[in-house]
Participant: 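Provided herewith is a single structure, encoded as structure tokens, for subsequent inquiry.
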Amino acid sequence: MVATTKPAFPVFVLLAYGGFWAWMAIAPLNRFDWLLENLLIFLCVGMLIGTYRRFPLSHSSYVGIALFLALHTYGSHSSYGATPIDPLLQQLFGGGRLPYDRLVHLAYGVLLAGPIREVLRRLAGVRGFAADALAVAVVLATGAFYELIEMWVAGLVAPEMGALFLGSQGDPWDAQHDMELELIGAIAVLGLGALLRRLNLFAK
């Protein structure tokens with residue numbers, strides 16, 4: 001992947017996501033929980049803007065990041081509880097649990113493994129299988145760290161809202177299932193990318 005040097009496309013992606021974020025900021029289910037859910041969004045977007053001139057990413061990486069942030073933004077609007085598309089997802093996948101939260105964790109691996117791989121290739125100089133393996137490891141490590149952040153924030157900032165913020169929905173294995181989906185998503189998308197590169201159908 002080749003990093004972008006012209007700001008037009010990243011600015012377009014930022015504005016598109018910013019418009020969606022502003023829409024989802026209107027009357028969320030719980031304003032305080034919405035703020036907690038958005039803390040990492042503020043950090044991520046600020047970091048991408050701050051590092052753009054010295055370390056611009058590829059167009060595909062910006063799109064993947066924006067799509068994941070949009071999914072998280074949509075979920076945070078309803079505190080990941082009973083989003084409007086949950087009934088449809090339940091019909092598709094079955095089960096009594098609200099599945100949108102699981103979908104976002106799967107998307108974490110699918111949409112962010114590529115940007116992580118790009119950063120590792122450029123910063124650490126890793127290539128081929130090593131880049132894929134390290135990207136999968138980073139996805140799993142950051143996913144696990146996010147579960148810890150959720151626990152710390154819920155305990156320190158709003159312990160009375162812990163169940164709502166964590167979104168475990170009574171599942172004692174919620175954190176493990178979330179990390180499992182992130183791992184599956186990362187392996188699937190990077191495995192597909194490796195196959196396409198091997199067939200010379202995708203840039204190395």
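Counting begins at 1 with the first residue of the sequence. These numbers come from the heavy atoms of this one structure, side chains and all, not from hydrogens, waters or symmetry mates.
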Participant: Carefully, step by step, assess V139 and L190 under the rule side-chain contact (heavy atoms from CB on, under 4.5 Å).
Facilitator: CA-CA 11 Å; V139 166; L190 292 177; over 6 Å; no
Participant: Find the distance between CZ (R102) and CG (L89) and round it off to the nearest 0.5 Å.
Facilitator: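 The CG atom of L89 is 13.0 Å from CZ of R102, to the nearest 0.5 Å.
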Participant: Using 0.5 Å steps for rounding, measure from the CZ atom of R117 to the OG atom of S61.
Facilitator: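 Here the rounded value is 10.5 Å.
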Participant: Between D86 (side chain only) and T83 (backbone N and O only), is there a donor and an acceptor less than 3.5 Å apart?
Facilitator: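 Present.
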Participant: Assigning hydrophobic clusters by single linkage (Ile, Leu, Val, Met, Phe, Trp, Tyr; side-chain heavy-atom cutoff under 4.5 Å), is W34 placed with W23?
Facilitator: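 Same cluster.
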Participant: List the atom of V189, the atom of A113, and the distance in Å for their closest heavy-atom pair.
Facilitator: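 Here V189 and A113 meet closest at CG1-CB, 3.8 Å.
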Participant: With the 4.5 Å side-chain cut-off for hydrophobic clustering, are F42 and Y62 part of the same group?
Facilitator: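 In one cluster: yes.
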Participant: For atom CZ of R53, decide whether the heavy atoms of other residues, nucleotides or ligands shown that lie under 6.0 angstrom number more than 12.
Facilitator: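 No - once you tally the heavy atoms of other residues, nucleotides and ligands closer than 6.0 Å, there are 12 at most.
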Participant: Verify whether the ring centers belonging to F68 and Y108 lie closer than 6.0 Å.
Facilitator: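 Ring-ring flag for F68/Y108: true, centres closer than 6.0 Å.
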Participant: Can you tell me how far the OG atom of S76 sits from the CG atom of L40, to the nearest 0.5 Å?
Facilitator: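 Answer rounded to 0.5 Å: 11.5 Å.
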Participant: Using the side-chain contact (heavy atoms from CB on, under 4.5 Å) rule, take V45 and W21 through it: C-alpha gap first, then chi angles, then the decisive distance, then the call.
Facilitator: CA-CA 12 Å; V45 172; W21 181 89; over 6 Å; no
Participant: Do the side chains of V11 and F20 join up, straight or via other hydrophobic residues, at under 4.5 Å, putting them in one cluster?
Facilitator: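 Result: no, two separate clusters.
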Participant: Linking I/L/V/M/F/W/Y whenever their side-chain heavy atoms sit closer than 4.5 Å, directly or via other members, would F55 and I116 fall into one cluster?
Facilitator: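 Yes, it is one cluster - the side chains of F55 and I116 are joined through contacts under 4.5 Å.
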Participant: Are L71 and L92 in one and the same hydrophobic cluster, where Ile, Leu, Val, Met, Phe, Trp and Tyr link if side-chain heavy atoms are under 4.5 Å apart?
Facilitator: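 Both belong to a single hydrophobic cluster.
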Participant: Looking only at non-hydrogen atoms, find the nearest pair between E118 and P56 and report the distance.
Facilitator: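 Between these two residues, the closest heavy atoms are OE2-O, 4.5 Å.
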Participant: Is the Y80 to H72 ring centre distance short of 6.0 Å?
Facilitator: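 Ring-ring flag for Y80/H72: true, centres closer than 6.0 Å.
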Participant: Is there a side-chain contact between V63 and F9, using heavy atoms and a 4.5 Å cut-off?
Facilitator: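 Yes. Closest side-chain heavy atoms under 4.5 Å.
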Participant: Just do the side-chain contact (heavy atoms from CB on, under 4.5 Å) check on L57 and L48 with the steps written out, would you?
Facilitator: CA-CA 9 Å; L57 300 177; L48 289 172; 4.1 Å; yes
Participant: Do Y17 and T73 get their side chains close enough for a donor-acceptor pair, meaning under 3.5 Å?
Facilitator: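 Yes, T73 and Y17 have a side-chain donor paired with an acceptor closer than 3.5 Å.
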Participant: I need the L192 CG to I187 CD1 distance, nearest 0.5 Å.
Facilitator: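 Spacing of CG (L192) from CD1 (I187) equals 13.5 Å.
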Participant: Can you tell me how far apart SG (C44) and CD1 (I65) are? Round to the nearest 0.5 Å.
Facilitator: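 The distance works out to 6.0 Å.
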Participant: Would the distance check show the side chain of R197 and the main-chain N or O of G128 forming a donor-acceptor pair, the cut-off being under 3.5 Å?
Facilitator: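 The answer is no, because no donor-acceptor pair under 3.5 Å joins these two groups.
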Participant: Roughly how far, to the nearest 0.5 Å, is NE2 of H177 from NE2 of H105?
Facilitator: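 Here the rounded value is 12.0 Å.
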Participant: Pairing donors with acceptors under 3.5 angstrom, does anything connect the side chains of N30 and S79?
Facilitator: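 Judged by distance alone, the side chains do not pair up.
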Participant: May I ask you to decide whether D132 forms a salt bridge with R127, counting only side-chain N to carboxylate O separations under 4.0 Å?
Facilitator: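 No, no charged N to carboxylate O under 4.0 Å.
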Participant: Measure from the side-chain N and O atoms of H77 to the backbone N and O of M24, and report whether any donor-acceptor pair falls under 3.5 Å.
Facilitator: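 A pair under 3.5 Å: yes.
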Participant: Mind running side-chain contact (heavy atoms from CB on, under 4.5 Å) on L120 and L123 for me, showing each step along the way?
Facilitator: CA-CA 5 Å; L120 289 171; L123 287 182; over 6 Å; no
